[in-house]
Visitor: 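Take this structure first; my questions come after.
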Amino acid sequence: MPIRPENILRHELIGLRVTIARSPNPFLTGTRGRIIDETRNTLKLTTKNGVKIIPKEIAVFRLDLPDGSIVEVEGARLVGKPENRIKARARRW
């Protein structure tokens, strides 16, 4: 199943380009990079200024999908073990 905006929560995020669209921390807003790791509560990004660890709960992420589309996802919807999120049924979200 290809990654699309409507099924992004059921896919692997590692490798996608991301921009932090909004965050209560002004130093995080606008940060761009590629997702290199994901834990239960964080995304690890490689940026032009090095590796950054971003808490999922406090940010809105703008993800660039392989087909060229862009989708914004509230980080709170990503919180949880990645393997459990990928296995979850779509109706839960």
Side-chain angles (χ1 to χ4, degrees):
M1 173 174 13
I3 301 175
R4 294 189 313 264
E6 54 273 4
N7 67 13
I8 188 68
L9 296 177
R10 299 211 42 215
H11 276 279
E12 179 67 55
L13 301 179
I14 294 174
L16 295 179
R17 291 199 176 275
V18 64
T19 303
I20 299 176
R22 292 184 299 283
S23 173
N25 180 343
F27 294 107
L28 293 179
T29 302
T31 300
R32 295 172 179 241
R34 186 175 296 276
I35 300 172
I36 58 172
D37 195 16
E38 179 180 7
T39 67
R40 181 178 181 275
N41 294 309
T42 65
L43 291 178
K44 186 183 285 189
L45 312 179
T46 182
T47 70
K48 66 179 181 179
N49 296 324
V51 174
K52 307 282 185 191
I53 297 175
I54 311 296
K56 292 177 182 176
E57 184 73 34
I58 66 165
V60 174
F61 299 96
R62 185 175 298 134
L63 301 165
D64 298 338
L65 303 184
D67 68 358
S69 60
I70 297 172
V71 62
E72 280 193 3
V73 179
E74 291 181 30
R77 297 187 74 187
L78 297 172
V79 172
K81 292 181 180 178
E83 58 272 19
N84 292 341
R85 186 188 74 241
I86 291 169
K87 292 178 193 175
R89 301 183 120 195
R91 62 184 169 87
R92 284 188 57 208
W93 303 105

Visitor: Rounded to the nearest 0.5 Å, how far apart are OG1 of Thr42 and CG of Leu78?
Guide: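 One finds 11.5 Å between OG1 of Thr42 and CG of Leu78.
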
Visitor: When rounded to the nearest 0.5 angstrom, what distance separates NZ in Lys44 from CD1 in Ile36?
Guide: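 Between atom NZ of Lys44 and atom CD1 of Ile36 there are 5.5 Å.
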
Visitor: Look up atom CD in Glu38 and atom NZ in Lys56, then write down how far apart they are to the nearest 0.5 Å.
Guide: 3.5 Å

Visitor: When clusters are formed by joining ILVMFWY residues with side-chain heavy atoms under 4.5 Å apart, either directly or through shared neighbours, do Ile70 and Leu63 land in the same one?
Guide: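 Hydrophobic grouping puts Ile70 apart from Leu63.
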
Visitor: Give me the atom names and distance for the closest heavy-atom approach of Asn7 to Pro2.
Guide: ND2-O, 3.1 Å

Visitor: Quick one: closest heavy-atom pair of Leu65 and Ile3, and the distance?
Guide: CD2-CG2, 3.6 Å

Visitor: To the nearest 0.5 Å, what is the distance between NE2 on His11 and CZ on Arg4?
Guide: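 One gets 7.5 Å once the value is rounded to the nearest 0.5 Å.
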
Visitor: Between Thr29 and Arg22, which heavy-atom pair has the shortest distance, and what is it?
Guide: OG1-C, 4.0 Å

Visitor: On a heavy-atom basis, which atom in Pro5 and which in Val71 lie closest, and how many Å separate them?
Guide: CB-CG2, 4.0 Å

Visitor: Could you point out which residue of Val18, Val60, Ile8, Leu13 forms a side-chain contact (heavy atoms from CB on, under 4.5 Å) with Val73?
Guide: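 That would be Ile8.
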
Visitor: How many angstroms lie between atom CG of Asn41 and atom CD1 of Ile58, to the nearest 0.5 angstrom?
Guide: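 The CG atom of Asn41 sits 11.5 Å away from the CD1 atom of Ile58.
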
Visitor: Report yes or no: do Asn49 and Thr47 form a side-chain donor-acceptor pair below 3.5 Å?
Guide: no

Visitor: Would you name the heavy atoms of Thr31 and Leu28 that are closest together and state the gap between them?
Guide: OG1-O, 2.7 Å

Visitor: CG of Asp64 to CZ of Arg34: how many Å apart, nearest 0.5 Å?
Guide: 9.0 Å

Visitor: If every non-hydrogen atom of Ser23 is compared with every non-hydrogen atom of Ile20, which pair is closest and at what distance?
Guide: CB-CG2, 4.1 Å

Visitor: Could you tell me whether Glu12 atom CD has more than 12 heavy atoms of other residues or ligands within 6.0 Å of it?
Guide: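 Yes, because the 6.0 Å sphere around CD of Glu12 holds more than 12 heavy atoms from other groups.
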
Visitor: Linking I/L/V/M/F/W/Y whenever their side-chain heavy atoms sit closer than 4.5 Å, directly or via other members, would Leu43 and Val51 fall into one cluster?
Guide: no

